[in-house]
Amino acid sequence: MMKITIIGLGAMGSIYAALFAAAGYEVIAYDPWVEHIDAINKKGLSIESPSGTYTIKNIKSSSVFEAHKDCDLYIIATKASGVESAAKKISPLLGPNATVVTIQNGLGADKEIEKHISYNHIVLGVADGFGASVKSPGHVHHNAMNLIRLGELNGKITDRLKDLTGHWEKAGFTVQAYEDIQKLIWEKFLCNVTFSAPCTVFEKTVGELMDDPLAWPVALGAMDEAYKIGTAKKINFSFNDPVQYVSKFGENLRNARPSMFLDHLVKKRSEIMFINGIVPNLGIEVGVSTPINSTLTALVLNRETQFKEIIK
């Protein structure tokens with residue numbers, strides 16, 4: 001049976017760990033959050049889903065990165081800001097046939113990994129419509145579980161990708177392999193830009209943001225800046241109406257709070273610079289003005305100067 005290491009046991013990483021372990025895979029999980037790890041080791045990992053609550057007790061979890069050698073699959077489920085550090089930890093342990101899947105919000109995770117790991121080991125992933133959050137140490141909730149998208153950097157449907165997709169399906173995920181994974185990453189990025197900083201700044205759930213006649217136009221303005229950049233970069237979006245696209249995404253997660261908002265609720269610094277914060281830099285590259293994302297980013301960063309936590 002495949003041996004899997006998961007780096008990052010936040011909401012999504014915990015869901016990956018739980019489902020793979022429940023399906024009989026050997027799962028080793030790492031996260032520096034000691035209270036979360038201790039709770040999992042003592043009582044198991046509790047997952048609260050729309051279909052009910054269950055607890056998984058066969059996850060080997062640790063707050064110290066060790067005993068992760070000889071794994072077939074490494075899943076990086078950290079915040080975007082933790083991707084490079086995770087890749088650096090994995091690099092000396094990586095076998096010649098091992099695969100590294102990275103699933104984050106925002107853009108640029110593959111470039112961070114390539115600083116330490118050859119591109120031929122990397123598969124990119126996009127998680128769609130989970131609405132996940134950590135309710136307490138050892139207890140994770142998600143609103144839905146729509147789709148995991150996986151793709152090779154070279155844009156091909158390889159035998160490795162087909163095999164990998166099969167393992168995710170066996171673990172209970174709805175998963176599809178895609179040729180143009182970068183397009184899907186950009187489409188998810190538009191949703192992140194729409195809801196991450198705006199929900200955080202206005203302190204609203206996704207549904208509350210969409211219903212607010214003052215806040216929602218700001219969110220759509222931020223999205224429009226990113227969409228214009230994507231169009232300038234010749235991203236082959238699968239839709240012609242980006243407002244309809246992000247609105248449909250939001251309607252499925254009306255009660256959710258984006259992870260950025262959840263971070264701020266506990267005075268934790270967010271991955272703003274990989275989401276709304278990257279838009280101004282991309283705008284400069286292609287000549288697109290980005291005043292809304294620049295302003296939202298400044299507001300988020302200003303709040304974070306009051307937080308004591310330092311992202312390593």
Side-chain angles (χ1 to χ4, degrees), residues 4 6 8-25 27 29 31 33 36 39-40 43-59 61 75 77-79 101 103-105 125-150 165-178 184 187-192 194-196 198-200 203-212 219 244-266:
I4 302 171
I6 297 172
L9 275 186
M12 290 304 298
S14 294
I15 294 171
Y16 305 148
L19 267 69
F20 274 111
Y25 290 86
V27 175
D31 195 282
W33 185 14
H36 190 45
I40 293 170
K43 299 180 180 179
L45 177 57
S46 178
I47 302 292
E48 183 181 340
S49 72
S51 59
T53 300
Y54 58 94
T55 300
I56 302 299
K57 297 185 177 181
N58 60 326
I59 299 169
S61 57
I75 301 173
T78 64
K79 297 286 189 182
V101 173
I103 308 177
Q104 279 78 35
N105 293 323
V126 180
D128 177 33
F130 281 71
S133 62
V134 179
K135 299 190 73 172
S136 62
H139 184 186
V140 171
H141 169 268
H142 65 95
N143 293 307
M145 194 170 75
N146 291 350
L147 183 62
I148 296 289
R149 298 178 170 97
L150 299 173
T165 300
H167 286 292
W168 283 78
E169 288 177 341
K170 183 177 180 179
F173 293 93
T174 301
V175 58
Q176 292 182 23
Y178 287 83
L184 300 174
E187 290 180 353
K188 177 67 180 294
F189 179 62
L190 291 187
C191 297
N192 293 150
T194 305
F195 295 106
S196 292
C199 282
T200 304
E203 299 183 341
K204 295 181 181 295
T205 65
V206 168
E208 289 168 347
L209 182 79
M210 296 177 71
D211 293 339
D212 190 316
Q244 182 183 56
Y245 179 79
V246 298
S247 298
K248 182 178 179 181
F249 177 89
E251 284 295 340
N252 292 327
L253 295 167
R254 288 186 62 85
N255 294 325
R257 294 183 175 94
S259 60
M260 188 179 297
F261 186 12
L262 294 173
D263 286 341
H264 276 220
L265 289 174
V266 295

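Keep in mind that what you see is a predicted model, and the values were worked out from it rather than measured. Reckoned from all heavy atoms, side chains included, excluding hydrogens, waters and symmetry mates.
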Using a 4.5 Å cut-off on heavy atoms from C-beta on, say whether the side chain of [Y] contacts that of [X].
| X | Y | answer |
| --- | --- | --- |
| I15 | F173 | yes |
| Q104 | T78 | yes |
| I6 | I4 | yes |
| F261 | S196 | no |
| P258 | V206 | yes |
| Q176 | T165 | no |
| T205 | N255 | no |
| V101 | L150 | yes |

To the nearest 0.5 Å, what is the distance between [atom1] ([X]) and [atom2] ([Y])?
| X | Y | atom1 | atom2 | result |
| --- | --- | --- | --- | --- |
| K79 | M12 | NZ | CE | 11.5 Å |
| D128 | I103 | CG | CD1 | 12.0 Å |
| L19 | W168 | CG | CH2 | 9.5 Å |
| H139 | S133 | NE2 | OG | 8.5 Å |

Check: Between I40 and L9, does a side-chain contact (heavy atoms from CB on, under 4.5 Å) hold up when you go through it step by step?
Finding: CA-CA 10 Å; I40 293 170; L9 275 186; 3.8 Å; yes

Specify the closest pair of heavy atoms between [X] and [Y], including all atoms of both residues, with the distance to one decimal.
| X | Y | value |
| --- | --- | --- |
| I56 | A18 | CG1-O, 3.8 Å |
| A29 | I59 | CB-CG2, 4.0 Å |
| G13 | A77 | CA-CB, 3.7 Å |
| G44 | K57 | CA-CG, 3.9 Å |
| M210 | S247 | CE-O, 3.4 Å |

Checklist line | N-O pairing of D211 and R254 below 4.0 Å | finding: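 Salt bridge: yes.
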
Check: Between K204 and D212, is there a salt bridge with N-O shorter than 4.0 Å?
Finding: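 Salt bridge flag = yes for K204 with D212.
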
Next item on the list: Decide side-chain contact (heavy atoms from CB on, under 4.5 Å) for S259 and N105; before the verdict, give the C-alpha distance in whole Å, the side-chain angles of both, and the deciding distance to 0.1 Å.
Entry: CA-CA 9 Å; S259 60; N105 293 323; 3.7 Å; yes

Notebook entry, point to check: Any donor and acceptor pair, going by atom type alone, linking the side chain of K170 with main-chain N or O of A23 inside 3.5 Å?
Noted result: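 Pair absent, no side-chain N/O of K170 close to backbone of A23.
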
Next item on the list: Check the side chains of H36 and S14 for a donor-acceptor pair under 3.5 angstrom, ignoring hydrogens and angles.
Entry: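 Short answer, yes.
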
Next item on the list: Examine F20 together with H167 and report whether their ring centres are nearer than 6.0 Å.
Entry: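 No, ring centres 6.0 Å or more apart.
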
Checklist line | Over 12 foreign heavy atoms within 6.0 Å of CZ, R149 | finding: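 Atom CZ in R149 is crowded, with more than 12 foreign heavy atoms closer than 6.0 Å.
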
